[in-house]
Structure formats: structure tokens, C-alpha cells
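Written below as C-alpha cells is the structure these notes are about.
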Amino acid sequence: MPELPEVQTIVQSLARVLIRRRIDAVYINRQDVIRPAQFDLASHLAGRSLTHIGRRGKKIILQLDDGNRLYVHLGMSGRLSLEPSQAPARPHTHVILQFQSDQLRFVDPRRFGGIFWLGTDGSAEQGLGPEPLLMRPRQLALGLRGTRRSIKTALLDQSMIAGLGNIYADEALFAAGIDPRVPANKLTPKQIVRLNRAIKQVLRRALRHRGSTLRDYRDANGQAGRFQKLHRVYGRGAKPCTHCRTAIKRIVLGGRSTHFCPNCQKRSST
DNA sequence: AACAGCACCTGTAGGC
DNA sequence: TGCCTACAGGTGCTGT
């Protein structure tokens, strides 16, 4: 479900409320969303407070006052929601952190997400490429040079760039005027510069609109995002391109649906 | 050793 | 209404 803008939006709303607040209790309804398996999360969290909440790629990183850290990955359907303790818990609420009068609830119907204990030494960097908002064209060029996969598929590879997902990969390629099927190592230097700029531009705009809500994404306060209204290609198959009116095409690349304008995003464009 | 393909899960929307 | 299929903001494993 959530990509960088959605994750960042959640992090911001959580940080505003939870920093320095004590975790009074922890309720685990499903142990198997916690990694490592069998890890006793409750006893490591109870009585602690949060000193920092941040993000790396799509991981939400929580720092505790005893120096331990953990991260939450939301997978496709995960949510972190902050609700009054007495509010009824929705189905698939797997873990609850009890604060004074509120609860932070980890809800994840499909269970592709999870809660990962890092301890004091674990790193959230594992397998992650550069942060797209900080990325230099040279870093992008370096990564893309080494793969013949389609540029779309390459952008979804978190070790290439950390934080893009299916929506923002498609939107960035549209903004850059690049055909998603082009092999990554065939992009010209000019296209790479343009793509790097397009990625940042799309992500910043999405952040300003608090992410995209297609079906069930909500921030920590239950608010939907608004950026879906500004999508130019994602989910717009057969609709007219906002730029040239050509019908947006939907194809499958690397097993993921991919949307693009066959006129604005040409293989041959430089 | 890179890469395609599939598995992991549940919910929902659309066709008949 | 009910049954069936297709599809969904992601990733990790498998075999080639």
C-alpha cells in the first residue's frame, strides 16, 4: 500500500504525538507479524518511551529511550493508527501499544507487513539504496548502468532507490517522458538527469498532498491522502493523457501493472 | 549472479 | 443473491 510519501506522512503524524510518551502496555494478537519469530516484543517495549520516529525507504523506524530500535513495514495493506483506547479495534489488529489514553494499532489484513526488532546494533539500511529525495544523478546512473531490466522494474528495486513503489515509479516516468519498458542501462545521461528530477518532483508533490489513497491508505489519524486526484497515469488506463489526450496504456512489467502515455513516453525520446 | 516468476494473504469489485 | 475471477501502494524465495 504505502510508498515513501504515505510512510513519511504517517511518520510525521506519529512523531507529533508520541515522542517522549511512555508505552504503558503492549498487546500482541498475532505473534507472527513480529520478527524475529518468537521475539518477546511486549517485554522489550513496556515501560519504555519513544525518543525518535523516522523513516528509511518504506520502513518506519522507532527509537526507544533505552537505545533499542525497531521498525515497522506496512507491506501492501498495513496501517498504523492512533486511536482512543475505547474506540473499537478494527479486524486484523495484530499489535497494540498502549499510551496514556490512546493506542497505536498495527493493522494489516494481508500480513505482508511486520514489526522488526533491530536492538541496539541492528541496521535498517539492509538492502536499501539511496533516499530518492537526496539522490544525485550520478548515484542513479551508477545503479541503472548495471541492469538490463526495464527502467520501471529497476525503479521498484529498493536496493536501487529506497521508497518508490508502483504508483510513484509510473508517475515519475511519465513526468520524465520515459517509456517504462526501456532497459535501465539504455537511458541516456540526459534522461537520467530528467528522471532524477522527476522522481523528486513527484514525491514532493505527493508529500504536500499527504500521499495517495486508492482504497485503504490512511495516515495515523485516519485521514486519506489527496494526491490520487493528481495522478497523471497510475490507475488511468484507457483515459486520455492530461497532456496530449492519447489513451493511457496499461501493461504488465515485472508482474506489476504499469501505466504510461504511448505518445508522451517514447522509447526513442532523448 | 541477475532476473523472471511465483508465493505469501485477504478483501473487494465486476461479470455472469 | 451467489459464485468466480482478477486485481491490489510489497517483498522474498526459487530455479534457471
Side-chain angles (χ1 to χ4, degrees), chain A residues 1-11 29-30 32-33 35-37 55-60 71-81 90-94 106-116 124-129 132 142-173 180-181 183-186 199 202-203 205-207 209-220 223-238 250-259:
Chain A
M1 165 186 52
E3 309 179 32
L4 188 151
E6 292 77 29
V7 172
Q8 181 68 31
T9 300
I10 291 169
V11 163
N29 295 327
R30 264 202 95 107
D32 62 3
V33 300
R35 244 70 65 70
R55 176 192 64 74
R56 177 72 172 93
K58 298 172 190 168
K59 298 171 179 173
I60 297 167
Y71 72 85
V72 177
H73 198 294
L74 297 172
M76 286 284 258
S77 60
R79 274 166 75 164
L80 280 178
S81 63
R90 39 193 326 114
H92 307 289
T93 299
H94 305 313
F106 174 62
V107 182
D108 186 9
R110 294 177 74 180
R111 279 178 280 127
F112 291 172
I115 300 179
F116 301 76
E125 294 293 313
Q126 278 296 329
L128 294 188
L142 199 64
L144 297 182
R145 194 165 68 187
T147 182
R148 318 154 47 141
R149 290 178 295 174
S150 70
I151 181 60
K152 161 66 185 280
T153 306
L155 290 180
L156 293 180
D157 181 344
Q158 301 298 296
S159 68
M160 191 84 63
I161 308 173
L164 288 191
N166 212 26
I167 294 177
Y168 299 107
D170 281 5
E171 292 296 323
L173 287 168
R181 298 165 294 189
N185 61 359
K186 291 286 164 55
I199 289 169
V202 166
L203 291 179
R205 274 208 230 141
L207 272 166
H209 291 87
R210 304 184 61 79
S212 303
T213 296
L214 302 183
R215 20 187 29 179
D216 43 29
Y217 163 72
R218 292 289 132 93
D219 72 11
Q223 293 273 317
R226 293 177 270 111
F227 190 67
Q228 67 283 0
K229 294 173 190 155
L230 303 180
H231 290 175
R232 312 273 236 130
V233 287
Y234 190 87
R236 297 194 64 248
R250 177 192 177 278
I251 60 173
V252 175
L253 281 182
R256 314 296 305 279
S257 78
T258 297
H259 315 73

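Chain letters run A, B, ... following the sequence lines, proteins first, then strands; residues in each count from 1. Model, not experiment: these values are computed from the prediction. Atom set for the values below is all heavy atoms of this structure, side chains included, hydrogens, waters and symmetry mates excluded.
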Secondary structure string for DNA chain C (Watson-Crick or G-U under 3.5 angstrom, | for other-strand pairs) | .|||||||.|||||||

When we call it a touch if two heavy atoms are under 4.0 Å apart, what does A/Arg79 touch: a base, just sugar-phosphate, or nothing?
-> nothing

Between B/dT10 and A/Arg111, is there an OP1 or OP2 to side-chain N/O distance shorter than 4.0 Å?
-> yes

Whole Å only: how far is the CG atom of A/Asp32 from the P atom of B/dC8?
-> 14 Å

Distance-only side-chain donor-acceptor flag, A/Glu3 / A/Tyr217, under 3.5 Å = no

Within the structure shown, what part of the strands sits under 4.0 Å from A/Ser257 by heavy-atom distance: base, sugar-phosphate, or nothing?
-> sugar-phosphate

Phosphate contact (C/dT11 OP1 or OP2) by A/His73 side-chain N/O below 4.0 Å | yes

Which is true for A/Pro109 with a 4.0 Å heavy-atom rule: it touches a base, it touches only sugar-phosphate, or it touches nothing?
-> sugar-phosphate

Heavy-atom check, side chain of A/His231 versus side chain of A/Leu214, under 4.5 Å | yes

Please answer whether B/dC8 and A/Phe112 are stacked, defined here as ring centres separated by less than 5.5 Å and planes angled under 30°.
-> yes

By side-chain hydrogen bond (donor to acceptor under 3.5 Å, both in side chains) - contacts of A/Thr213 (at least two apart) = none

A/Arg90 side chain N/O closer than 4.0 Å to the phosphate oxygens (OP1, OP2) of B/dG11?
-> no

Let me know the distance between CZ of A/Arg181 and P of B/dC3, rounded to the nearest Å.
-> 19 Å

For A/Asp108, answer base if it contacts any base atom (sugar-phosphate contacts may also be present), sugar-phosphate if it contacts only those atoms, and nothing otherwise; contact means non-hydrogen atoms under 4.0 Å.
-> nothing

State, yes or no, whether a side-chain contact exists between A/Tyr71 and A/Ile60 at a heavy-atom distance under 4.5 Å.
-> no

Taking the side chain as every heavy atom from C-beta outward, state whether A/Leu74 and A/Arg79 have any pair of such atoms under 4.5 Å apart.
-> no

Are the side chain of A/Asn29 and the backbone of A/Thr93 linked by a donor-acceptor contact shorter than 3.5 Å?
-> yes

For the pair made of CG in A/Leu214 and C1' in B/dA13, what is the distance, rounded to whole Å?
-> 14 Å

Can you list, by residue number, the residues of residues 155-167 of chain A that have a non-hydrogen atom closer than 4.0 angstrom to DNA chain B?
-> none

Spacing between A/Ile151 atom CD1 and B/dC3 atom P, to the nearest angstrom = 12 Å

Rounded to whole angstroms, how far apart are CZ on A/Arg215 and C1' on C/dC7?
-> 7 Å

Below 4.0 Å: OP1/OP2 of B/dG11 and any side-chain N or O of A/His92 | yes

Is the backbone N or O of A/Lys58 less than 3.5 Å from a side-chain atom of A/Arg56, with the two atoms forming a donor-acceptor pair by type?
-> no

Grab the CZ-C1' distance between A/Arg30 and B/dT10 for me, whole Å please.
-> 11 Å

At under 4.0 Å between heavy atoms, what does A/Arg256 touch on the DNA or RNA strands: base, sugar-phosphate, or nothing?
-> base

